[in-house]
2 protein chains.
Amino acid sequence: MIIQIGYHEGMGSQPLFEHPACLITQLDVHVQEQLIAQLAPLGIHPRHFGVLSLLIEQDGLSQHQLSAPLSVHRNVMVGLVDDMERRGLVDRQPHPTDRRAHAVRLLPAGRQLHAEAEALVSEFEAKLLGGLDAAEARAFTSLLMRVCENAGLYHDIHPGLRASSGESLSV
Amino acid sequence: MIIQIGYHEGMGSQPLFEHPACLITQLDVHVQEQLIAQLAPLGIHPRHFGVLSLLIEQDGLSQHQLSAPLSVHRNVMVGLVDDMERRGLVDRQPHPTDRRAHAVRLLPAGRQLHAEAEALVSEFEAKLLGGLDAAEARAFTSLLMRVCENAGLYHDIHPGLRASSGESLSV
DNA sequence: TATTGTTATACTCTATAACTATA
DNA sequence: TATAGTTATAGAGTATAACAATA
């Protein structure tokens, strides 16, 4: 069965790389590639940087609270925290209010590494937006944030950082 | 709604989700997820849509010419073209100027499916940018394109595909 | 010698399910 | 009953290397 959508030949088709969705996807391929390369000298993956950044914003989060906003499955988070604990960047403390959970806490080495990593990430981002002037770059970032917000991407992670709503994963 | 992140100023550390790179990554996770869901009823993956779109713009491209702009390895392209040939969306013809290569050509069913797929993709994109007014949406897409261009993402595909002036691709 | 398409193999990543200890 | 963390296993996805035909 063919579903007629009212889109017929002759209405004109949009070039692939004028589709916002395709632009975002292509850009992310590049961003991932570059972030991995930028952070490799520090021995971490962008996901480790994500964990460190969330802990800088609010220390002592549980592994589940860390995995939800990063779109990382909780099984994978185990390994990420393992890596970072092994390197002395974080440790696992008993969670103050939930004895099932661990409070992942930043250690001084983690704070230091985060600062170095963020410098590298910011340096890359400056290059990424290097074709825009300052006002355009601000506008771009602001619009990006609004699109993300509109897509409901932050509901879990903001001030509360605790609205657990099932497992949201990429397919 | 304004995004409020309770972080402490002073250490020069930027909240994770104000980093453009992180916004792009998070947004792409969402976009991929949604595109896959949107196109699933048609039995295709976003990558198939990418191939169909490139062929709409310029029919008879070789598999290598298709794989480069889509950031897909040529080994993977074999399978994608296999899928689409099996469904009667495209076929493989002898390439007119390179006897090693195949010219992948759109069949009528492929043209039809592309129209349906593009309608679904555009519908999703309208929702994605639904929080912006028309001028903001245009600005966002335009800035996205400039960032992509600045990153060197379509040096291979612009001249041949967008202009479609009959010149061969320098891939 | 390099490139196109193809296949096979090995490797990585992710998903699923199970288990425990809590809630 | 549901959830946090953990582990093991299976499956999907990806990279590497090789090959034949052609440039």
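Within every chain, numbering begins at 1; the chains are lettered A, B, ... in the order of the sequence lines, protein sequences first and strands thereafter.
Distances shorter than 4.0 Å separate none of the side-chain N or O atoms of H95(B) from OP1 or OP2 on dG5(C). Proximity of Q63(A) to the phosphate of dT6(D): a side-chain N or O atom is located under 4.0 Å from OP1 or OP2. Look at H73(B) and you won't find any side-chain N or O under 4.0 angstrom from OP1 or OP2 of dT16(D). Phosphate contact (OP1/OP2 of dT6(C), side-chain N/O of R92(B), threshold under 4.0 Å): present. Between H102(A) and dG5(D) there is no side-chain polar atom (N or O) within less than 4.0 angstrom of OP1 or OP2.
As a whole-Å value, the separation of R74(B) CZ from dA15(D) P is 12 Å. As rounded to whole Å, 14 Å separates atom P of dT3(C) from atom CD of Q65(B). For the pair L61(B) CG and dG5(C) P, the interatomic distance rounds to 11 Å; values are reported in whole Å. Distance, Q93(A) CD to dA4(D) C1': 17 Å, rounded to whole Å.
Within the model, atoms CG of L113(A) and CG of L106(A) stand 10.5 Å from one another, a figure rounded to the nearest 0.5 Å.
Of the residues in residues 75-90 of chain A, those with a non-hydrogen atom less than 4.0 angstrom from any atom of DNA chain D are N75(A), V78(A). For the segment residues 30-50 of chain A, the set of residues with a heavy atom within less than 4.0 Å of an atom of DNA chain D is empty.
Partners of R100(A) according to the side chain to side chain donor-acceptor pair (under 3.5 Å) rule, which considers only residues two or more places apart in sequence or in another chain, are D98(A). Every residue meeting the side-chain contact (heavy atoms from CB on, under 4.5 Å) condition with A135(B), not counting sequence neighbours, appears here in chain and number order: D133(B), R138(B).
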Can you list the steps and then say if H19(B) with E125(A) is a side-chain hydrogen bond (donor to acceptor under 3.5 Å, both in side chains)? CA-CA 8 Å; H19(B) 274 285; E125(A) 288 171 334; 2.8 Å; yes
List the steps and the verdict of side-chain contact (heavy atoms from CB on, under 4.5 Å) for L39(A) and V121(A). CA-CA 8 Å; L39(A) 296 178; V121(A) 170; 4.1 Å; yes
Show your working on side-chain hydrogen bond (donor to acceptor under 3.5 Å, both in side chains) between Q38(B) and Q34(B) and close with a plain yes or no. CA-CA 6 Å; Q38(B) 289 290 312; Q34(B) 291 301 306; 4.7 Å; no
Q26(A) and D28(A): CA distance, side-chain angles, deciding distance, side-chain hydrogen bond (donor to acceptor under 3.5 Å, both in side chains) verdict: CA-CA 5 Å; Q26(A) 289 299 106; D28(A) 185 47; over 6 Å; no
Which atom pairs link the protein and nucleotides 21-23 of chain D when you take only N or O atoms and keep those under 3.5 Å?
from: dA23(D); atom 1: OP1; to: R99(B); atom 2: N; distance (Å): 2.9

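The pair D82(B)-R87(B) fails the salt-bridge criterion, with no side-chain N (NZ, NE, NH1 or NH2) lying under 4.0 Å from an Asp/Glu carboxylate O.
Among pairs with a residue in residues 44-56 of chain B, those fulfilling side chain to side chain donor-acceptor pair (under 3.5 Å) read H48(B)-D83(B), S53(B)-H114(B), at least two apart in sequence or across chains.
No hydrogens or angles considered: a donor-acceptor pair under 3.5 Å links the side chains of Q32(A) and T25(B).
Put simply, the side chain of L107(A) does not reach to within 4.5 Å of the side chain of L89(A), judged on heavy atoms.
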